[in-house]
Amino acid sequence: MSESNEPISHFIRNRIDSDQERGTYGGKVTTRFPPEPNGYLHFGHAKSIFLNFGLARDYHGICHLRFDDTNPVKEEQAYVDAIREDVEWLGFRDAEHEHFASDYFETLYQGALALVKAGLAYVDSQSAEEMRANRGTLKEPGHDSPYRGRSIEENLDLFTRMRAGEFADGEHILRAKIDMAAPNLNMRDPAIYRIRHAHHHRTGDDWPIYPMYDYAHCVSDAIEGVTHSLCTLEFEDHRPLYDWFLDKLADQGFFERPLPQQIEFSRLNLTYMPLSKRKLIQLVEGGHVDGWDDPRMPTLKGARRRGFTPSGFRLFTDRIGVSKSDSLIDFGVLEDCMRETLNDSAERRICVLDPLKLVLVNFPEDGEETCHAPNHPKKPEWGKREVTLTRELWIERGDFALDPPKKYFRLKPDGEVRLRYGFIIKHVDHDVDAQGNVTCVYAEYDPDTKSGTPGSDARKVKGNIHWLSARDAVETQVRQYDRLFKVPAPGARREDDAPDLERDFLDDLNPDSIHTLTTYLEPGAARAEPESIYQFERHGYFVADQKEHRAERPVFNRAVTLRDSWGKG
RNA sequence: UGGGCCGUCGCCAAGUUGGUUAAGGCACCGGAUUUUGAUUCCGGCAUUCGCAGGUUCGAAUCCUGCCGGCCCAGCCA
């Protein structure tokens, strides 16, 4: 349980600690979470959110939520809203520290101007194809652009006119003048500004030019006073460029030192679950799921509808840690975290998923008996609720076995079992249809064994099954979700694949990832608000569907099953 | 003979300025409690740190050489 108290040591914390000791940033810790508003947040973002906001909280600093909206052709306001909701859902709404890279467009532009004036940036007029051709390859150096030697005056003139909108898309581009022979391709005169006559969701038509990520990101960090700029491993090669821009700008008096530092950690990988934006888009657009918030999707919207919780994600991020090694986390770890947090927070209810009729032969025809069920077995302060026992009940089909396996301790012919929170019953008979399926079970109840009454547990029975009055139970739709993919690494090559075989992750989709059941539910739970999460006893955790649940027509989604050691070993 | 990074128990992951017995979590395996085959509790779980050499009184930590994996040639982020 050490994970609940002491923060877990990891290399980023160590770095911050040593910066704190040395007073590098005057004791300040500022981070940022910088999503691009061009898609929905997924589980990987949850890791980043808890890391960045969590660190800021632990060190009494600030974490900025910054929308990285530097590419107007891909970004939309709708995504901004969705992302904001998700961040808030995880518990980090902070309007005061919400920003947009586009807020800094003017500063960014001035910075670029400064670089041009310092002879550190130039306007290139090669086509995109020429630029690519001259970039060289991984093993060969690139070649200088014929425009690389333009005078500062000419560059200034051209860049100002780019900003004024005098040129067409692609006609010119502003590049940093670094080194076309650099072994790190990012340093081969990277683009700073491209011309894009496009409408921006926030700045409208103010700008015909837009800054590139590498330039905009580090400058935005510096503007916000970010001290530790955390990102994933694939940006490691970009760090020299991050430092180059800030260093040059600081030289020009644009920023004060100390400058922000970029620190990279490994991204989240989960078994059975692709997390790349590209693949998630394919799932949605190909109609393989029911939209971005399909409960099977690894998006935060999907997780929410699935009944996953912010606290579960928090536990998960603590549990998996932060490092630089490529890791692949079993999806079961996430499920465990949800189980663990839900066990604590969810009230218990009863739902019969696969109903079988049970008749108490010695119970009066119109009789009823009020039983009391605790809302949480470990929290008596959460109270109890009433469940009514009648002659005819629904029990779980799986709780009666005509031909029980060894160690089966539910109901069987001539066997005894306790009706949870009710009475001990003894099997007396059952009906079987032509196919051999049990259609009804008859049992006698023992009136002296009512749960909670003195002497009720004088007689011990091992089995304990849940039930619902056939008179009161409410018909309810329950959706049971299974993993979306049938293999741990969708789309990955298998051991015995032919060398030329190309795999498509969509071929690994699990065709059977959703089961819709008609079940019986306790009346009180049927009236729950959407998004209420319960443990359906002996089954798992279920959430009233955010969109479709109605008291008159209840719809629940299964978040995760209870652990079940029956049958193991 | 491009550059950057990673390799510690089934899965994560501390430790890496060399110093006694290689943290912790998850999973797993026992056993106790239990009116959820749940939960909770208690116990077990790496003579070994990708491999091979070397330096040293002493190495997961330093050196050399291999092996394996990931990332990079968008006017995307």
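All chains are named by letter (A, B, ...) in the order of the sequence lines, taking the proteins before the strands, and each is independently numbered beginning at 1. These figures come from a predicted structure and were not determined experimentally.
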Please measure how far the [atom1] atom in [N] lies from the corresponding atom in [M], and state the result in whole Å.
N: B/A13; M: B/G7; atom1: P; result: 9 Å
N: B/C26; M: B/G18; atom1: C1'; result: 31 Å
N: B/U64; M: B/U55; atom1: C1'; result: 11 Å
N: B/A14; M: B/A60; atom1: C1'; result: 12 Å
N: B/A52; M: B/U47; atom1: P; result: 15 Å
N: B/A46; M: B/C9; atom1: P; result: 12 Å
N: B/A73; M: B/A59; atom1: P; result: 43 Å
N: B/U16; M: B/C63; atom1: P; result: 15 Å

Problem set entry | Between A/Ser220 and A/Arg32, a side-chain donor and acceptor under 3.5 Å |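 No, because no side-chain N or O of A/Ser220 sits under 3.5 Å from a partner of the opposite role on A/Arg32.
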Exercise. Does a donor on one side chain and an acceptor on the other come within less than 3.5 Å for A/Glu396 and A/His539?
Worked result: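 Side-chain D/A pair, A/Glu396 to A/His539: present.
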Quiz question: going by heavy-atom distance under 3.5 Å, is there a donor-acceptor pair between the base of [N] and the side chain of [X]?
X: A/Arg348; N: B/U36; value: yes
X: A/Asp237; N: B/G3; value: yes
X: A/Arg132; N: B/G74; value: no

Any [X] side-chain nitrogen or oxygen under 4.0 Å from OP1 or OP2 of [N]:
X: A/Ser9; N: B/A23; answer: no
X: A/Ser325; N: B/A13; answer: yes
X: A/Arg319; N: B/A13; answer: no
X: A/Arg459; N: B/U35; answer: no
X: A/Arg188; N: B/A73; answer: no

Could you tell me the Watson-Crick or G-U partner of [N], where both distances fall under 3.5 Å? Say none if there is no partner.
N: B/G37; answer: none
N: B/U21; answer: none
N: B/A59; answer: none

Hey, are [X] and [Y] close enough for a salt bridge, meaning a charged N less than 4.0 Å from a carboxylate O?
X: A/Asp103; Y: A/Arg202; value: yes
X: A/Asp446; Y: A/Arg459; value: yes
X: A/Arg66; Y: A/Asp221; value: yes

Exercise. Once you round it to whole Å, what is the distance between P of B/C26 and CD of A/Glu335?
Worked result: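 Whole-Å distance recorded here is 17 Å.
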Exercise. Hey, which of these two, A/Val322 or A/Asn71, hits RNA chain B nearer its 5' end, going by closest nucleotide?
Worked result: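 Comparing both residues, the 5'-ward one is A/Val322.
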For this session: Tell me which of A/Pro377 and A/Asp69 sits closer to the 5' end of RNA chain B, going by the nucleotide each one is nearest to.
Result: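 Counting from the 5' end, the first nearest nucleotide belongs to A/Pro377.
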For this session: Compare every heavy atom of A/Ile83 with every heavy atom of A/Gly39, then report the nearest pair and how far apart it is.
Result: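 Closest approach of A/Gly39 to A/Ile83: O-CD1, 3.8 Å.
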For this session: Compare the minimum distances between each of B/G2, B/U36, B/U39 and the side chain of A/Arg420, then state the nucleotide with the smallest one.
Result: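 Side chain of A/Arg420 sits closest to B/U36.
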Exercise. Nearest to the side chain of A/Lys378 - B/G37, B/U39, B/C72?
Worked result: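 Closest nucleotide to the A/Lys378 side chain: B/U39.
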Exercise. Does the ring of A/Trp566 meet both stacking tests against the six-membered base ring of B/G37: centre distance under 5.5 Å and plane angle under 30°?
Worked result: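 A/Trp566 ring centre within cut-off of B/G37 base, planes near parallel; stacks.
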For this session: Determine the contact category for A/Thr137: base if any of its heavy atoms lies under 4.0 Å from a base atom, sugar-phosphate if only primed atoms, P, OP1 or OP2 are that close, otherwise nothing.
Result: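 A/Thr137: base contact, heavy atoms under 4.0 Å.
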Problem set entry | Assigned glycosidic conformation for B/G58 [threshold 90° from 0] |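 The base of B/G58 is oriented anti (glycosidic angle more than 90° from 0).
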